[in-house]
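Let me begin by presenting the structure, written as structure tokens, before commenting on it.
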Amino acid sequence: MTTRYDAGAKNVLGGELLACSLSPVTGFFRNGCCETGPHDLGLHTVCAVMTAEFLAYSKMIGNDLSTPMPEYGFEGLKPGDRWCLCAPRWKEALDAGAAPQVVLEATHEETLAIVTLGVLKDYAVEA
């Protein structure tokens, strides 16, 4: 069960924001949803499906998401995991040719300030 930060949050399609992942638990608020709020300076709003290519890219640019860090309760991500990425980081990966697929129904509408819906749809995967 997900405890929502903002029960009225919308996804990029204008519908209710669905959970991205509870295993692993993701989101700025660690509630499984790609919600955002005033303290989320990174805009963790894109529900992305991890790929080996994106994880390698992210590690290369200094954001290692694949190595476990037990001291923080982080098991490390693997291909196929869903994770709330920062919208600017997803756009950066897009520009580098390493963007992972996106679950539109679980991607917060604030993402549209960084990436157009048309581009997101090009990378969409079924919820």
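Computed from a predicted structure; not experimentally measured. No hydrogens, no waters, no symmetry mates; every other heavy atom, side chains included, goes into these values.
- For the atom pair Thr107 OG1 and Leu17 CG, the distance stands at 8.0 Å (nearest 0.5 Å).
- In this view, Glu16 and Arg4 satisfy the side-chain contact (heavy atoms from CB on, under 4.5 Å) rule, not counting sequence neighbours.
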Which pairs would a plain distance check flag for residues 68-80, meaning a side-chain donor or acceptor within less than 3.5 Å of a matching protein atom at least two apart in sequence or in another chain?
from	atom 1	to	atom 2	distance (Å)
Lys78	NZ	Asp81	OD1	3.1

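- Linking ILVMFWY residues whenever their side-chain heavy atoms come closer than 4.5 Å, directly or via other members, leaves Leu22 and Val46 in distinct clusters.
- The ring pair (Phe, Tyr, Trp, His ring centres under 6.0 Å) check on His44 picks up Phe28, with sequence neighbours excluded.
- Applying the ring-ring contact (aromatic ring centres under 6.0 Å, His included) definition to pairs two or more places apart or across chains, those involving residues 86-119 are Trp90-Tyr123.
- Its side chain outside the 4.5 Å cluster rule for every partner, Leu18 clusters with none of the Ile, Leu, Val, Met, Phe, Trp and Tyr residues.
- In this structure, Ile114 is a member of the same hydrophobic cluster as Tyr57, with clusters built from ILVMFWY side-chain heavy atoms closer than 4.5 Å.
- Applying the disulfide bond (SG atoms under 2.5 Å apart) test to pairs two or more places apart or on separate chains, none has a residue in residues 85-116.
- Considering only heavy atoms from C-beta on, Leu112 comes within 4.5 Å of Leu117 through its side chain.
- Under the rule for a side-chain contact (heavy atoms from CB on, under 4.5 Å), the partners of Val125 that lie at least two apart in sequence or sit in another chain are Val49, Gln101, Val103.
- Here the closest non-hydrogen pair linking Lys59 and Ser66 is CD-OG, 4.4 Å.
- By the side-chain contact (heavy atoms from CB on, under 4.5 Å) test, Asn63 is found to be paired with Ser58, Leu65, Arg89, residues two or more places apart in sequence or in another chain being considered.
- The salt bridge (Lys or Arg N to Asp or Glu O under 4.0 Å) contacts involving residues 114-127 comprise nothing, where partners must be two or more places apart or lie in separate chains.
- Residues Met50 and Leu94 share a hydrophobic cluster, clusters being chains of Ile/Leu/Val/Met/Phe/Trp/Tyr side chains in contact below 4.5 Å.
- Residues passing the side-chain contact (heavy atoms from CB on, under 4.5 Å) test with Thr116, sequence neighbours excluded: Val119.
- A donor-acceptor contact under 3.5 angstrom links the side chains of Thr111 and Thr45, judged on distance only.
- Across all their heavy atoms, Glu35 and Asp40 have their closest contact at O-OD2, 3.9 Å.
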Q) Under the side chain to side chain contact (heavy atoms under 4.5 Å, CB included) criterion, do Val12 and Glu110 qualify, and how do the steps go? A) CA-CA 8 Å; Val12 294; Glu110 287 293 324; over 6 Å; no
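- For a disulfide, the SG atoms of both cysteines must be under 2.5 angstrom apart; this holds for Cys47 and Cys20.
- Pairing of Cys33 with Cys84 by a disulfide is not supported, the SG atoms lying 2.5 Å or further apart.
- A heavy-atom distance below 4.5 Å is not found between the side chains of Thr26 and Arg82.
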Q: Run the numbers on Asn11 and Leu104 for side chain to side chain contact (heavy atoms under 4.5 Å, CB included), then give the verdict.
A: CA-CA 7 Å; Asn11 63 41; Leu104 298 176; over 6 Å; no
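- Sorted by first then second residue, the disulfide bond (SG atoms under 2.5 Å apart) pairs that include residues 92-127, not counting sequence neighbours, number zero.
- For the pair Leu85/Pro100, a side-chain contact is recorded, criterion being any heavy-atom separation below 4.5 Å from C-beta on.
- Every residue two or more places apart in sequence or in another chain that forms a ring pair (Phe, Tyr, Trp, His ring centres under 6.0 Å) with Phe29 is listed here: Tyr5.
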